[in-house]
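In what follows, a structure is listed as structure tokens, so that the remarks can point back to it.
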Amino acid sequence: MLPHVEPLDGTVIERQVAIYRYPQPGDEHDESYHYYPHLTSRLVAQLPDPRATLPYDDSLESQLAFAGAPWLEFRRVSVVLTTLLILATWLLARRFAGERWALFAAALLATSLLFGFYSAEMRPHGIAATANAFAVLACLRLLSQGSLASYLLAGSACGLAVGALQYGVFTLPCLLVAHLLARRGEKRAWWKLALALLPVALCVRVFYPFYFVAGESYFDVQGANLNLSGQPLKLDKFNGAGFRTIFETLCSYDPLLLVLGLGGALLLFVRALRRRSLGERGASVLVCLAFALPYGFVTGMYAETWERFVVNLLPWFSICAAVVFALWHTRARRPWLPVATACALLVPMLLLDCKLAQVRSAPDTLQLAARWVECYAEPVVTRIQVLPYVDLPLFHSQAAVAESGDKPWISRWLYNETQLAPPGRAPRYDLHLPPAASDPDRLLVVQDPLAWVESRRPELLVMTVDPSTAYLTELREGLLRRGERLARFTSRTCDEGEASFFAGRHMFQWDDPFFLHLARSARMGSTIEIWRPQVR
């Protein structure tokens with residue numbers, strides 16, 4: 001769905017990469033400069049600009065490829081680096097489950113639907129999860145060796161985790177616990193810990209440069225909010241509602257991993273209580289828990305925890321499941337049974353991953369609607385109204401561009417078009433956007449949407465079907481009385497009126513779990529309808 005559907009988080013990363021590739025005076029005051037730490041943007045900026053090798057001409061295909069190139073570039077980097085989380089999970093699991101069953105833990109993570117969904121997102125959360133896992137591994141190495149080199153390695157890994165995303169700070173307790181447990185016959189050697197914190201401080205300076213911009217403040221308390229570089233941490237939202245989000249996310253994406261991981265964790269906890277010991281790997285367990293427990297507790301307490309935050313917990317669910325299967329294997333009368341069970345459990349998870357790839361690679365509903373417009377609408381002449389912000393991947397007429405005024409960003413593709421497209425682009429379609437939310441005319445759209453549409457006198461109306469939005473429902477009911485539906489495009493294999501955007505956001509409140517929603521989907525995108533209003 002590039003470049004006509006782009007989430008806000010992705011535009012921030014796109015801008016940060018551009019700042020490092022083509023720096024300009026005053027970039028440090030750009031709104032996107034401080035939204036995310038800069039590890040991922042600095043890393044991507046070191047790669048050759050993909051646009052430099054793309055053909056650039058007036059065609060729509062060329063312009064769409066040119067606009068979408070930075071997004072595809074970051075997503076590819078994210079896939080490569082997030083895939084390393086599989087390796088990190090195996091390295092962690094083999095300490096507790098042995099090398100063979102560590103492969104099962106890695107396989108559980110690799111086939112996780114949540115992992116597959118967010119590994120290719122235009123967000124840094126997959127990369128940050130990888131950085132966090134390798135930071136824990138570095139702290140475990142410190143625990144086993146206790147050398148100065150291991151301290152510096154652990155500090156550097158924790159610093160990179162902090163530089164990837166703000167919640168990398170949860171790796172720092174691992175560093176402290178590993179230090180306390182790694183005495184090695186000497187006193188606690190606090191000077192080594194102090195040296196290990198130097199790379200952390202350096203990473204903060206390099207990857208959080210906005211904290212050091214004169215005259216700017218991106219870390220302060222504003223009422224009930226803690227300002228984290230422009231992202232408010234709402235202190236009054238720590239009410240425990242995030243635990244429900246974590247549970248529902250795993251139920252929705254990975255119910256098998258939830259059952260195996262949570263059940264395994266409970267069994268291991270009960271086993272530790274009975275034995276009054278964490279086992280021979282107790283110190284290693286404590287170092288791992290120093291990350292998993294604080295991170296899980298804080299995200300669980302926070303009401304505005306998002307699905308993508310749960311990716312950091314997937315390795316630990318996988319490891320708990322693998323350890324229990326390893327114990328079962330050592331005690332089973334039929335050793336083949338746990339192996340066969342493990343393989344069988346991976347099959348449905350793998351099938352869902354294949355379905356996700358199939359759905360994402362199919363033309364989305366906006367692309368299908370755009371192809372319909374190309375076939376049945378006359379460029380420039382046919383007046384088309386879109387509602388609310390149906391971002392069709394087509395060139396806009398000069399009248400539509402002019403009407404957007406100084407707010408072309410309400411349509412991401414229109415924004416790209418005005419920034420990138422050459423004057424000779426054609427064909428152009430008279431696609432008119434609705435008023436922005438801050439526009440006074442927007443009230444007219446909400447109060448009487450059918451009257452507003454008729455006042456615009458469009459020949460065609462392209463709209464999103466969204467039962468959860470009252471004015472869109474009212475408009476559609478009016479069109480059923482005074483209008484003609486010409487086309488309908490849905491994401492479902494069978495047209496059942498589904499109107500989801502397929503973005504995986506828990507606040508959308510799916511009527512069914514995401515894995516069932518995916519199984520019934522054929523493509524991505526909202527349900528789109530094209531109408532001919534009866535203009536009076």
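What's counted below: heavy atoms across the whole structure, side chains too, no hydrogens, waters or symmetry copies.
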For K234, is there any backbone N or O sitting under 3.5 Å from a side-chain donor or acceptor partner on Y302? yes

Could you tell me which non-hydrogen atom of T493 sits nearest to which non-hydrogen atom of K355, and how far apart they are? OG1-NZ, 4.4 Å

Could you go step by step and tell me if D353 and T111 meet the side-chain hydrogen bond (donor to acceptor under 3.5 Å, both in side chains) rule? CA-CA 7 Å; D353 290 331; T111 55; 4.8 Å; no

Scan side-chain atoms only and decide if D466 and T464 contain a donor-acceptor pair under the 3.5 Å cut-off. no

Can you tell me how far the OH atom of Y35 sits from the CG atom of L228, to the nearest 0.5 Å? 11.0 Å

Check whether more than 12 heavy atoms from other residues, nucleotides or ligands sit under 6.0 Å from atom CZ of F297, and answer yes or no. no

Any side-chain donor-acceptor pair under 3.5 Å between T171 and N132? no

Looking only at heavy atoms, the pair that brings F291 and F170 closest together is CD1-O, 3.3 Å

How are the rings of Y151 and H179 set to each other: parallel, tilted or perpendicular (split at 30° and 60°)? perpendicular

Just checking, R308 and W306: is the charged tip under 6.0 Å from the six-membered ring centre and within 45° of the axis? yes

Test applied, side chain to side chain contact (heavy atoms under 4.5 Å, CB included); reference residue, L114; option that passes from D254, L313, L109, L257: D254

L85 and P315, any side-chain heavy atoms less than 4.5 Å apart: yes

Does any non-hydrogen side-chain atom of L345 lie less than 4.5 Å from one of M349? no

Are the side chain of S491 and the backbone N or O of S526 linked by a donor-acceptor pair below 3.5 Å? no

Euclidean distance, Y295 OH relative to Y167 OH, rounded to 0.5 Å: 4.5 Å

Please tabulate, for the side chains in residues 37-53, all donor-acceptor contacts under 3.5 angstrom to protein atoms that are two or more places apart in sequence or on a different chain.
| residue | atom | partner | partner atom | Å |
| --- | --- | --- | --- | --- |
| H38 | ND1 | Y20 | OH | 2.6 |
| H38 | NE2 | Y33 | O | 2.5 |
| S41 | OG | Q16 | OE1 | 3.4 |
| S41 | OG | H38 | O | 3.1 |
| R42 | NE | Y20 | OH | 3.4 |
| Q46 | NE2 | R42 | O | 3.4 |
| D49 | OD1 | R51 | N | 3.0 |
| D49 | OD2 | Y22 | OH | 2.5 |
| R51 | NE | F66 | O | 3.0 |
| T53 | OG1 | P50 | O | 3.2 |

Under the salt bridge (Lys or Arg N to Asp or Glu O under 4.0 Å) criterion, do E121 and R360 qualify, and how do the steps go? CA-CA 12 Å; E121 285 281 287; R360 277 183 158 171; 3.5 Å; yes

Partner set under ring pair (Phe, Tyr, Trp, His ring centres under 6.0 Å) for F325, not counting sequence neighbours: W101, F104, W328

With R274 as the cation and F269 as the aromatic partner, state whether NZ or CZ is under 6.0 Å from the six-membered ring centre and within 45° of the axis. no

